[in-house]
Peer 1: 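Following this message is one structure expressed as structure tokens.
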Amino acid sequence: MPLMPVKFTLQKRVKLAQGLWMLYWVSVIVGILIFSLGIFFKVELRKRSEMMDNNESHLVPNLLILVGLLTCGFNAFGGKVCHDSLDPMKYTKWKPMLKQYFMAGLGFNVVLLVVALLCFLMQFSVYLTLADGLKYSIRFYKDTDTPGRCFMKRTLDMTQIEFRCCGNNNFRDWFEVQWISNRYLDMSNDEVKDRVLSNVEGKYLMDSVPFSCCNPGSPRPCIQHHLTNSSAHYDYDLRIEELNIWTRGCREALFSYFSYMMNSIGALVLFTILLESTDMAGLKYLTTSLEAMADPENPECESEGWLLEKSVKETVAEALGKVKALVKPNQVQEGEEGAAPAT
Amino acid sequence: MCIVPVHTESAEAVRLAQGLWLLSWLAVMCGAFVFSLGVYLKIELLRRAEVMENTEIHVVPNILLLVGLASMGTNWMASRVCQDSMDMSRFPRWKVLLLAWFAVAALLCCLLVAVVVLSYALQGRLEESLKIGLRNGIRFYKDTDVPGRCFQKETIDRLQIEFRCCGNNNYKDWFEVQWVSNRYLDLTSKDVKDRIRSNVDGRFLLDGVPFSCCNPASPRPCLQYQLTDNHAHFNYEYQTEELNLYARGCRQALTDYYMGLMNSTGPGVLSVILIQISVIVSLRYLQTAVEGAMALENPEDESVGYLLEKGLKETFEELKAKVLDMVKLAQVDPTTSEVSPEAQEAEKGDNATKTPSPPPAS
């Protein structure tokens with residue numbers, strides 16, 4: 001008893017082939033979209049790699065690029081089969097490949113599911129990488145004379161300006177590191193010496209932040225230094241001052257940016273799975289209705305198309321049987337002779 | 001005498017019509033491109049409208065918008081003419097419109113050339129407008145509590161950050177205005193009172209700049225205040241310090257940006273002009289070829305397509321005569337009925353004329 005049989009006249013077959021051809025080309029475009037989104041994601045990760053201590057995992061964008069290309073190829077092939085399906089001469093050369101095509105399609109859908117899951121789950125990894133990377137970035141902010149780190153200051157400043165954030169969790173992260181290089185500190189000055197001696201590691205710590213933390217939307221000129229001292233500035237109360245510097249931390253800002261990107265890409269991949277399944281179902285109907293034609297010479301005849309030859313249960317049992325046969329070749333002969341008359 | 005006659009057989013005419021149909025659709029795309037160029041330029045100018053004093057420069061994107069739309073319409077009409085040109089029954093209805101079409105298309109080409117010229121010519125006016133706009137912006141930087149000017153600070157800060165510039169001509173423009181609002185000045189402090197009394201207008205002037213002038217590429221943390229005092233900062237010499245603040249003035253930065261935008265659209269606009277001219281020329285050939293073929297009894301025969309019926313000089317003379325006639329007709333209207341029979345008599349050489357009237361000069 002076939003699963004979900006549908007009767008097809010010539011008109012219906014032609015319409016199915018045409019509609020399916022359009023759908024396959026839409027899927028090719030979606031594949032191109034996934035490919036370009038993968039490239040975009042890769043470029044963005046590269047751009048921010050200094051913030052992540054060059055430790056970020058490129059697994060997801062690489063997979064997306066691969067999957068995008070595979071989708072294009074797969075669906076282009078499907079489109080070609082559809083296009084040739086109504087011409088019996090051309091169709092015969094595709095017929096033997098169809099079984100493998102459907103198996104490959106099934107496997108491909110599983111791969112797409114895995115990629116979608118990765119898109120949603122790898123966000124945790126991005127979060128952790130960002131937390132670590134930003135910590136190092138803030139620590140190496142002052143090392144503009146150390147080869148390999150001399151652009152950290154510029155990158156971090158530009159990131160804070162662009163993403164409107166300050167520090168790792170918030171602006172107080174800047175109070176815990178020395179972000180002014182010793183080259184610009186007058187070591188003979190008493191005040192400087194006091195500060196350096198006031199902590200165990202001999203760091204010049206201040207309650208100040210770099211200029212890139214400043215919020216242009218503040219009505220007053222930016223207050224960068226002596227942030228915890230309300231009396232250092234006229235009409236300034238640190239507890240209620242909100243607009244002076246950015247209150248958000250860069251980890252949160254960058255994470256929400258990447259998380260938005262990864263969520264949208266994951267949603268697109270899920271949509272692709274749906275599209276692919278629809279494509280395969282349509283192609284299955286088309287191919288089975290063409291094969292079931294009682295009189296191949298007369299295209300006007302009606303035929304029946306179905307999704308599965310037997311019901312789901314029987315198909316799964318048959319598939320399991322085949323897998324067992326592959327696994328246990330010694331017991332195959334007796335099993336086959338017994339199974340053949342039964343089916 | 002024809003100018004550049006082209007012998008067209010029926011098949012050639014069909015090819016010409018097909019080619020012209022494709023070309024006119026390409027010209028429609030070009031019209032859409034010009035329109036979108038105008039939209040983009042207009043949006044960019046409007047975004048920075050707060051630092052521009054007048055809107056004279058807007059004439060460039062306005063013309064681009066107009067020309068883009070008009071060119072899409074005219075070239076679409078050209079494609080319709082092409083489609084109908086192969087059908088003898090439908091072509092005659094376009095006859096009247098074609099002359100107007102040529103005039104409009106020529107006008108569009110002239111406007112596009114004018115746009116290219118204007119985009120260079122208006123550079124001086126743009127700089128003037130930016131100079132005044134930025135001067136006001138810097139002056140009103142501190143007025144974050146005055147309605148209508150409260151976003152001036154944010155605008156100038158974002159502008160300086162985005163365009164990597166400081167002040168109008170350079171960072172010293174900030175030394176000449178009070179950019180810290182009185183609300184945040186402790187007027188009881190001696191330091192503040194000294195500064196205010198030190199100048200005629202009673203302004204709190206600093207040798208400092210806002211944070212948005214800071215250059216992130218500087219190896220040292222940004223120095224904003226006491227910029228002209230070498231001793232205020234360790235290892236600092238303001239005469240040789242280059243990387244601390246942005247060196248460029250915002251007027252220069254914005255002018256360069258807009259000139260760059262308009263220059264980069266120059267080649268695009270020029271190629272659109274070339275395509276439009278080729279559409280005009282091809283349509284003229286098609287029109288004359290089809291009209292010639294319609295005049296022939298056997299449409300399969302060869303007909304000649306041309307650009308101008310007579311030579312350039314003769315056509316010009318004819319045109320001049322027509323225009324003069326039209327002008328004269330307007331002037332000499334009441335006496336036209338008396339003038340023409342007299343002219344005929346004068347031509348015939350008769351000597352009896354009752355009313356002396358000067359023979360019309362032709």
Side-chain angles (χ1 to χ4, degrees), chain A residues 141-146 149-162 164 166 174 177-189 191-192 204 206 208-225 231-237 241 243-246, chain B residues 141-146 149-162 164 166 174 177-189 191-192 204 206 208-225 231-237 241 243-246:
Chain A
Y141 183 83
K142 63 175 175 18
D143 297 334
T144 45
D145 51 350
T146 312
R149 292 187 208 149
C150 41
F151 291 115
M152 190 61 91
K153 178 184 178 293
R154 189 177 73 177
T155 313
L156 189 54
D157 278 335
M158 303 289 268
T159 307
Q160 291 194 145
I161 291 174
E162 193 182 328
R164 308 185 187 194
C166 187
W174 288 107
V177 293
Q178 178 181 348
W179 54 271
I180 300 188
S181 173
N182 283 334
R183 288 176 291 153
Y184 309 115
L185 289 173
D186 183 8
M187 290 302 180
S188 56
N189 185 324
E191 208 186 303
V192 172
Y204 182 80
M206 297 186 290
S208 317
V209 292
F211 78 94
S212 43
C213 283
C214 287
N215 181 358
S218 163
R220 96 182 274 169
C222 187
I223 297 173
Q224 278 177 256
H225 306 284
S231 50
H233 314 277
Y234 183 69
D235 193 19
Y236 172 70
D237 187 351
E241 186 63 56
L243 282 174
N244 186 40
I245 49 178
W246 302 118
Chain B
Y141 184 86
K142 65 175 175 14
D143 296 334
T144 45
D145 52 347
V146 174
R149 291 190 208 150
C150 42
F151 289 112
Q152 203 71 275
K153 177 182 179 293
E154 192 172 348
T155 310
I156 297 281
D157 278 335
R158 287 203 192 283
L159 190 78
Q160 293 193 142
I161 290 174
E162 194 178 324
R164 305 185 192 199
C166 187
W174 289 105
V177 294
Q178 177 181 351
W179 53 272
V180 184
S181 175
N182 281 335
R183 288 176 293 153
Y184 309 115
L185 289 173
D186 182 8
L187 294 167
T188 56
S189 149
D191 193 30
V192 173
F204 181 78
L206 289 170
V209 293
F211 79 93
S212 43
C213 282
C214 287
N215 185 358
S218 162
R220 103 184 267 170
C222 187
L223 298 168
Q224 279 180 256
Y225 298 103
H231 300 290
H233 314 280
F234 182 67
N235 195 8
Y236 172 68
E237 214 182 275
E241 184 65 51
L243 281 175
N244 186 38
L245 305 172
Y246 292 125

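Letters A, B, ... are given to chains in the order of the sequence lines, protein chains preceding strands, and every chain is numbered from 1. Predicted model, so just to flag it, every value in this text is computed and none were measured.
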Peer 1: Please say whether more than 12 non-hydrogen atoms of neighbouring residues, nucleotides or ligands are located less than 6.0 Å from CD in B/E237.
Peer 2: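 Yes, CD of B/E237 has more than 12 neighbouring heavy atoms, counting only those of other groups under 6.0 Å.
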Peer 1: Using non-hydrogen atoms only, which part of B/P210 is less than 4.5 Å away from chain A: side chain, backbone, both, or neither?
Peer 2: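 Contact with chain A involves no heavy atom of B/P210 at all.
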Peer 1: Mind checking side chain to side chain donor-acceptor pair (under 3.5 Å) for B/E154 and listing every partner two or more places apart, or none if nothing turns up?
Peer 2: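 Testing B/E154 for side chain to side chain donor-acceptor pair (under 3.5 Å), a comparison that skips the adjacent residues, returns B/R158.
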Peer 1: Using heavy-atom distances under 4.5 Å, tell me whether A/D235 contacts chain B through its side chain, its backbone, both, or neither.
Peer 2: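 Looking at A/D235, just its side chain touches chain B.
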Peer 1: List the residues meeting salt bridge (charged side-chain N to carboxylate O under 4.0 Å, His left out) with A/R183, not counting sequence neighbours, and say none if there are none.
Peer 2: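 Applying salt bridge (charged side-chain N to carboxylate O under 4.0 Å, His left out) to A/R183 gives A/D145.
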Peer 1: CD1 of A/I245 to OG of A/S212: how many Å apart, nearest 0.5 Å?
Peer 2: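 If I round to the nearest 0.5 Å, the distance is 10.5 Å.
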Peer 1: Contact part of A/I180 toward chain B, heavy-atom cut-off under 4.5 Å: side chain, backbone, both or neither?
Peer 2: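 A/I180 touches chain B through backbone and side-chain heavy atoms alike.
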Peer 1: Report the option among B/K142, B/H233, B/Q224, B/R220 that has the most heavy-atom pairs separated by less than 4.5 Å from atoms of chain A.
Peer 2: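 Heavy-atom pair counts peak at B/R220.
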Peer 1: Counting only non-hydrogen atoms closer than 4.5 Å, does A/P221 touch chain B with its backbone (N, CA, C, O), its side chain (CB onward), both, or neither?
Peer 2: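 Backbone plus side chain of A/P221, per the 4.5 Å heavy-atom cut-off to chain B.
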Peer 1: If you count heavy-atom pairs within less than 4.5 Å of chain A, which of B/N235, B/L185, B/I161 leads?
Peer 2: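 If we count pairs closer than 4.5 Å to chain A, B/L185 comes out on top.
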Peer 1: Would A/D157 and A/Y141 count as having a side-chain donor-acceptor pair, cut-off 3.5 Å?
Peer 2: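 Looking only at side-chain atoms, A/Y141 and A/D157 do form a donor-acceptor pair, the distance falling under 3.5 Å.
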Peer 1: Select, from A/R220, A/R154, A/H233, A/M158, the one with the greatest count of heavy-atom pairs under 4.5 Å involving chain B.
Peer 2: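 With the most close heavy-atom pairs to chain B, the winner is A/R220.
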Peer 1: State whether the side chain of B/D186 and the backbone N or O of A/Y234 hold a donor-acceptor pair below 3.5 Å, judged by distance alone.
Peer 2: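 No.
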Peer 1: Counting only heavy atoms closer than 4.5 Å, note whether A/L185 contacts chain B via side chain, backbone, both or neither.
Peer 2: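 Answer is backbone: N, CA, C or O of A/L185 sit under 4.5 Å from chain B.
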